[in-house]
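Data first, discussion second: the structure below is written as structure tokens.
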Amino acid sequence: MDVRKEIMAYITTNQNSGALLLTGTWGCGKTYLIRQVRDELNKEAQYAVVIVSLFGIDSIQGVARKVKESVFKIMMGSEEQDEKESWGKKAKSVLSSVTAVLGEFSNYAKGVNTALSINPYDLVVVSSQISCRQNGTTVKKELVLVFDDFERSKIDKIELLGAINDYCENDGIKTILVADEEHIDGDEYKGFKEKLISRTIKVRADYANVIWLIINDYKETAQGYKDFLENNIAEISLLFIESRTDNIRSFKAFLMDYERVYQTWTQSGIPTEHMSEVMYSFGAVLFEYKNNSYRENEKYGYLLADGEIKKKYSDCKSEYMLNSLQKWIVSGDWNEKAFVKEITYRFGATERAPDQIFLYHDFWDLTQEIIFEGVPIALQKAYEGKLGRGAMINLLQRTHRLKKYAISAPAEIDYGRISKGLDLREEMMKSSAYRVYING
């Protein structure tokens, strides 16, 4: 079942027969999915999708205020939550400035001040259609209310369902609940839920698709990092599946943390051909530490924990488990000098073969001499099935760049022989005589 299509079908239908419930375990991607739908629809002129988190709210009055705040925000032309400064404070700030000016030049300042002392949210009418500022004009939009983190509210769930029912049934607003029902107790809840919920969709994480979406939407700080993630999506997916964390937030945090590693490494000038293997091992330690499974032994330090990680993660190897990164994970103290020193010692050989320089060094730092020496060697290795997946990707990308920018090269790539080389590589991988590591 395509959950996203089902959500869109509920929103776009002309009938309103009750609320829609999205349920699934914590971290399975429910919120990420509904935000994707919101971002897409809010760009258009027909729907205004407002997400209201119920996390920690302890009163029905608090829910009503949060709804008005969120609706007011989208009416003013902003679609995402601003945690630093609420729109209410901004609105009051603007109104106060106007009041101050009127106070100097108008006899009606006192009356105006009284009027402006009203909370601006009290003026917001939450209805099935609202007027929104969009692209400099005002448009009428159909309101869709999404109540996220239902199970994390401190309000009695029956009382909360009754309040939400007012929006859905009495006001005719399309309403979506997002919850993990495994954390909601009580037969009374189940009975009352049936009166409000017209349909329940269980979200089972399609991790391959979710991971692709997250990487595709990633806003990089370090140039080239998103391309690096896309080129290594198979390894990243394997890592996440083997971690068994089922938590999208932890996955996104892992990508953000490793961007610092990527940026420091690429700026250091140290060859980066083993960066993907280090990423995999870094992620394995990070996920296990967050799961409280990566613990220090009084006698052996982290030696036993490292051994358990290697059992769980199929491609985790000692040579790629860097001490500097493990210390960062455990202590939270990022030591850039220690990291650069370690990768220099492990991966910074002073003399490198021309084909390795061609495949892994920054493309725009390659000299004509390296291109003429390295290309034939790299191509021959590819034809003989001696290049790993990452190296093969680099070869194809770089030979394409040479052609695109009309840079002289000593040989043209033969895609027929490349195909045969891939077949040979596959045979090697199946043979017990070889142990092929990702990216060769």
Side-chain angles (χ1 to χ4, degrees), residues 207-243 248 250-287 313-317 319-322 324-326 328-329 334 336 339-340 342-344 346-349 352 355-366 374 378 382 387-402 404-405 436-440:
Y207 290 126
N209 187 49
V210 170
I211 288 171
W212 182 87
L213 287 171
I214 290 173
I215 291 177
N216 186 60
D217 291 341
Y218 194 88
K219 302 296 187 295
E220 66 181 25
T221 300
Q223 187 176 5
Y225 184 59
K226 184 176 177 180
D227 287 340
F228 169 78
L229 295 178
E230 290 176 347
N231 289 338
N232 292 283
I233 196 166
E235 293 90 330
I236 293 170
S237 298
L238 175 64
L239 167 69
F240 185 69
I241 291 168
E242 289 182 334
S243 74
I248 300 301
S250 294
F251 174 72
K252 294 173 76 173
F254 152 67
L255 296 184
M256 293 171 63
D257 285 345
Y258 200 72
E259 185 169 18
R260 177 182 283 189
V261 177
Y262 173 89
Q263 185 171 33
T264 303
W265 196 333
T266 54
Q267 291 176 350
S268 71
I270 304 302
T272 59
E273 62 259 43
H274 296 296
M275 189 183 287
S276 61
E277 289 97 330
V278 172
M279 174 193 65
Y280 180 93
S281 298
F282 170 79
V285 174
L286 182 64
F287 285 132
Y313 295 85
S314 59
D315 283 304
C316 194
K317 301 293 180 290
E319 56 265 39
Y320 304 122
M321 299 178 74
L322 305 189
S324 56
L325 297 185
Q326 289 170 291
W328 178 33
I329 291 170
W334 168 250
E336 183 174 316
F339 170 68
V340 172
E342 189 169 13
I343 61 173
T344 301
R346 294 204 187 195
F347 311 119
R352 304 189 65 80
D355 60 306
Q356 294 294 301
I357 297 175
F358 173 73
L359 289 172
Y360 297 111
H361 277 220
D362 187 280
F363 180 81
W364 298 111
D365 287 340
L366 298 176
L387 288 188
R389 198 183 73 88
M392 183 68 79
I393 290 173
N394 286 354
L395 174 64
L396 294 172
Q397 288 177 337
R398 288 172 180 234
T399 52
H400 173 72
R401 279 188 177 183
L402 292 175
K404 179 180 178 180
Y405 296 107
V436 179
Y437 300 105
I438 294 175
N439 280 350

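Not measured: the values here are computed from a predicted model. One-based numbering along the sequence shown.
The two atoms that bring D355 and A378 nearest to each other are CB-N, 3.8 Å, heavy atoms only. In terms of heavy atoms, E220 sits closest to K226 at OE1-N, 2.8 Å. Summarising the geometry of M321 relative to R346, their closest heavy-atom pair is O-NH2, 3.5 Å, with the distance given to 0.1 Å. Counting all heavy atoms, side chain and backbone alike, S281 lies closest to Y320 at CB-O, 3.5 Å. Nearest heavy atoms, N216 versus E230: OD1-OE2, 4.4 Å. For the pair I357 and R398, the tightest heavy-atom approach, listed with the atom from each and the gap, is O-NH1, 4.2 Å.
Contact check for L239 versus Y313: side-chain heavy atoms found under the 4.5 Å cut-off. Side-chain contact between S243 and F240: present, with at least one pair of heavy atoms (C-beta onward) separated by less than 4.5 Å. Taking the side chain as every heavy atom from C-beta outward, V278 and Y258 approach each other to under 4.5 Å. Contact check for W334 versus L325: side-chain heavy atoms found under the 4.5 Å cut-off. The shortest side-chain heavy-atom distance between I214 and L255 falls under the 4.5 Å cut-off. The shortest side-chain heavy-atom distance between L395 and F358 falls under the 4.5 Å cut-off. K317 places none of its side-chain heavy atoms less than 4.5 Å from the side chain of E277. For the pair M279 and I236, the minimum side-chain heavy-atom distance is below 4.5 Å.
Separating the CD atom in Q267 from the CD atom in Q223 is a distance of 10.5 Å, to the nearest 0.5 Å. Expressed to the nearest 0.5 Å, how far CG of L229 lies from CD1 of I211 amounts to 11.0 Å. Interatomic distance, W212 CH2 to S237 OG, rounded to the nearest 0.5 Å: 12.5 Å. Note that CZ of R401 and CG of L366 are 9.5 Å apart. Values are rounded to the nearest 0.5 Å.
Using modelled atom types, one finds a donor on one side chain and an acceptor on the other under 3.5 Å when comparing E342 with S324.
Between F254 and F287, the distance separating the two ring centers is shorter than 6.0 angstrom. Ring centroids of F339 and W328 are separated by 6.0 Å or more, keeping the two rings apart.
Judged purely by atom type and a 3.5 angstrom limit, E235 has no side-chain atom pairing as donor or acceptor with the backbone of Y280. Between the side chain of Y225 and the backbone N or O of Y262, no donor-acceptor pair lies under 3.5 Å. Listed for the K252 side chain is no donor-acceptor partner under 3.5 Å among the backbone atoms of S250. Put simply, the side chain of T264 never gets that close to the backbone of V261: no donor and acceptor are under 3.5 Å apart. In this structure a side-chain-to-backbone donor-acceptor pair under 3.5 Å is present from E242 to S314.
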Inset, instruction - Show your working on side chain to side chain contact (heavy atoms under 4.5 Å, CB included) between N232 and M275 and close with a plain yes or no. - result: CA-CA 10 Å; N232 292 283; M275 189 183 287; over 6 Å; no

Inset, instruction - Please test L359 against L387 for side chain to side chain contact (heavy atoms under 4.5 Å, CB included), starting from the C-alpha separation and ending with a verdict. - result: CA-CA 10 Å; L359 289 172; L387 288 188; 4.1 Å; yes

